[in-house]
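Lettering of chains follows the sequences in order, A, B, ..., and the numbering in each one begins at 1.
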Amino acid sequence: MSATASPHTSLLHLPHRPFGPRRPRLTRLRCLASLAPASSGASPENEDHLIQTLCAHGRLARAAALLQGLPAPTQRTYESLLLAAARAGDTALAAAVHRRLEADPVFCSDPFLSTRLIDAYAALSALPAARQVFDEAPVKNIFVWNAMLKALALADHGEEALACLSDMGRLGVPIDSYSYAHGLKACIAASALHTPASARVREMHAHAIRRGYGLHTHVATTLIDCYAKLGMVSFAEHVFTSMPDRNLVSWSAMIGCYAKNERPGDAIQIFQEMMASDADLVPNSITIVSVLHACAGVNALGQGKVLHAYILRRGFDSLVSVLNALMAMYMKCGCLEIGRYIFNWIGRRRNVVSWNSLISGYGMHGFGRESIQVFEEMIEEGISPSIITFISVLGACSHAGLVEQGKKLFESMVEYNVTPHAEHYACMVDLLGRAGRLVEAVELIQSMRIQPSPQVWGSLLGACRIHGHVEYAEMACSHLFDLEPRNAGNYVLLADIYARAKLQNQVDVLKELLEEHALEKVPGYSWIEVKKKLYSFGSVDNKIPQLEELQALIGEFVTQMKNEGYVPDTRSVLYDIEEEEKERILLGHSEKLAVAFGLINTGSGEVIRITKNLRLCEDCHSVTKFISKFTDREIVVRDVNRFHHFRDGVCSCRDYW
DNA sequence: TTAGGGTTAG
């Protein structure tokens, strides 16, 4: 574990500034209350005003009682009550106002109040009631239609929302930018096998272009978000670059698009472009959270620290969401202790996300017992664990090989009213499988009441690779090839298992399958950040800086290691080639190049931090252990699953990963 | 009157 960066000390001293709407002063309420007690013959104007003030203070029972006696409530009074009911989650009050409205000759057909009623019912998750208001509304203007559309789209009733939109078209209701924005969300929510969401979004995009809304700021921003969610990054980029007016939200959506789609480097770059393009574009907390997420994604600690300073300067450290993201960034960049420090600093404001971050932080660094301890502290504090809490703590047990503790936690889930999802089973199969308890892992899969997800079978396959179990690997693949036929990784893993079992014929069959279906293995990449600049290394990349120098250095280490009895572990090289050639391929693995680059370009006391997009291979693991001892350098490698802290020839994972 | 972007896992 390491913590070379020291957090800004003013983190401790900045005052906590609560955010949120200001409430009216209570003295005004008391004043009004004394003016117009419910029992006296106060004027209706005053009572109207009093109800509104009571609503603003959340005193809904009294406001509702007053409404009963009021002969002619104003539009504003109805609105206040509906907004307050939605805010307080009081469905009964919304229904009471609804009944009163129906009997009101002045407002019973007011479209403004129909809109508010639909909004309120939607916020209260009372969709049938919202639908009823809509169906019975005598006057349906564009606001009423859009409110219904929004209610359906946000409640994930995609098909119904799209039907609503086509009704609008059929009845000649003009479709505006709001309709498009909600309609696009509905496309994502509407999942149908025969019509994929991507086709629907593209169709609605084309429709918006035809009606002149394609470049409207809000519509285009929603388009970026939709394409981001569908993984269609180039479509999002196209919309973004064609927009005539981009505001902070448009930029943030594009940053989020890259961050969500595993292109954190681009997310950071576009954030920097935004900062350079217009002084009026001032990032807000949402922008910051997205960029922190991206920094965490590429292990860009230097960039993350720049953001940390920015957060302190602008007072964003009063927001728990920002601090949670900051803490996660530090832990994902290898600085577990700073993460813990920020968690402590959040103090009593911490929420379930803060706890989950810390639990998974310990887990990914291999500190299973600490992770469980944090989980127990969380329970003691009365926080209800979520689905993610259990994924985090079970994952931690898996990384540390804590089988019995993991089983106990898994069984305890029902006590906390958390139903095991496929993800939890995947963690358990991983935990049992890694520990070599493959039979138990298979029995667990067979006992599942829900359909095993690809992750569940993938965990089993991974375990089979570690323990060389061909039969179960074939079983896992018979499901995986069905569930995700285009995932080359599964074919490669099985080929690897066959190769280790010396079943070269089977390896060749799989390679042919890969070629036949034009499936490509995800190439291995490693990153390193030196002086706040990211350098990436691919094993098939010719544009690597200082390549010859790096190769020479790695060669020297390997020669030295061979003198001490090291034999290169060429099992990860699947090609049927000479052993010598396999060794040459191993020398070019991206993580070795990145480590060598770090050795040459950083100061002698500095920790070398590498990120790898795949699992660390056995040979690189051995070589890195040796380099850490030989050069007396601490090397932290984050692979796709976890952290490896190399120091003095030993890895923190104790060769269990 | 309405709207657009974010936090924790594997």
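Rounded to an integer number of Å, the gap from OH of A:Tyr121 to P of B:dT2 is 21 Å. Following rounding to the nearest Å, A:His218 (NE2) and B:dG5 (C1') show an atom-to-atom distance of 10 Å. Whole-Å rounding puts the A:Asn141 CG to B:dT2 P distance at 13 Å.
Summarising the local packing, CZ of A:Arg437 is surrounded by more than 12 heavy atoms from other residues, nucleotides or ligands at distances under 6.0 Å.
No engagement by A:His424 is indicated, since no non-hydrogen atom pair under 4.0 Å with the nucleic acid exists. Within the nucleic acid shown, A:Asn641 has no heavy atom closer than 4.0 Å to any nucleic acid atom. Using a 4.0 Å heavy-atom cutoff across all strands shown, A:Leu248 reaches at least one base atom of the nucleic acid. Within the nucleic acid shown, A:Ser386 has no heavy atom closer than 4.0 Å to any nucleic acid atom. Counting any heavy atom pair closer than 4.0 Å across all strands shown, A:Glu423 reaches a base atom. A:Asn324 comes within 4.0 angstrom of a nucleotide base, judged by non-hydrogen atoms across all strands. A:Thr389 comes within contact range of no nucleotide atom at all, as no heavy-atom separation falls under 4.0 Å.
Between the side chains of A:Asn324 and A:Asn356, no donor N or O sits under 3.5 Å from an acceptor N or O. For the 3.5 Å distance criterion, the side chains of A:Ser392 and A:Thr389 fail to qualify, holding no donor opposite an acceptor. Counting only N and O atoms by type, the side chains of A:Tyr213 and A:His207 include no donor and acceptor under 3.5 Å apart.
Phosphate contact (OP1/OP2 of B:dA3, side-chain N/O of A:Ser177, threshold under 4.0 Å): absent. In this model, the phosphate group of B:dG4 is not approached by any side-chain N or O of A:Lys229 to a distance below 4.0 Å at OP1 or OP2. At B:dA9, one or more side-chain N or O atoms of A:Lys332 fall inside 4.0 Å of OP1 or OP2 (strictly under the cut-off). The side chain of A:His421 places no N or O atom within less than 4.0 Å of a non-bridging phosphate oxygen (OP1 or OP2) of B:dG10. Phosphate contact (OP1/OP2 of B:dG6, side-chain N/O of A:Lys260, threshold under 4.0 Å): present.
In this model, no side-chain donor or acceptor of A:Thr222 finds a partner on the base of B:dG4 within 3.5 Å.
For A:Ser321, the side-chain atoms get nearest to B:dT7 when compared with the rest of B:dT8, B:dT7, B:dA3. Side-chain proximity of A:Ala253 to the nucleotides B:dG6, B:dT8, B:dG5 is greatest for B:dG5. Comparing B:dT2, B:dG10, B:dG5 by their closest approach to the side chain of A:Ile286 singles out B:dG5. Comparing B:dG4, B:dT7, B:dG6 against the side chain of A:Thr221 picks out B:dG4 as the nearest.
One distance of note links SG of A:Cys187 with NZ of A:Lys229; it measures 12.0 Å at 0.5 Å rounding.
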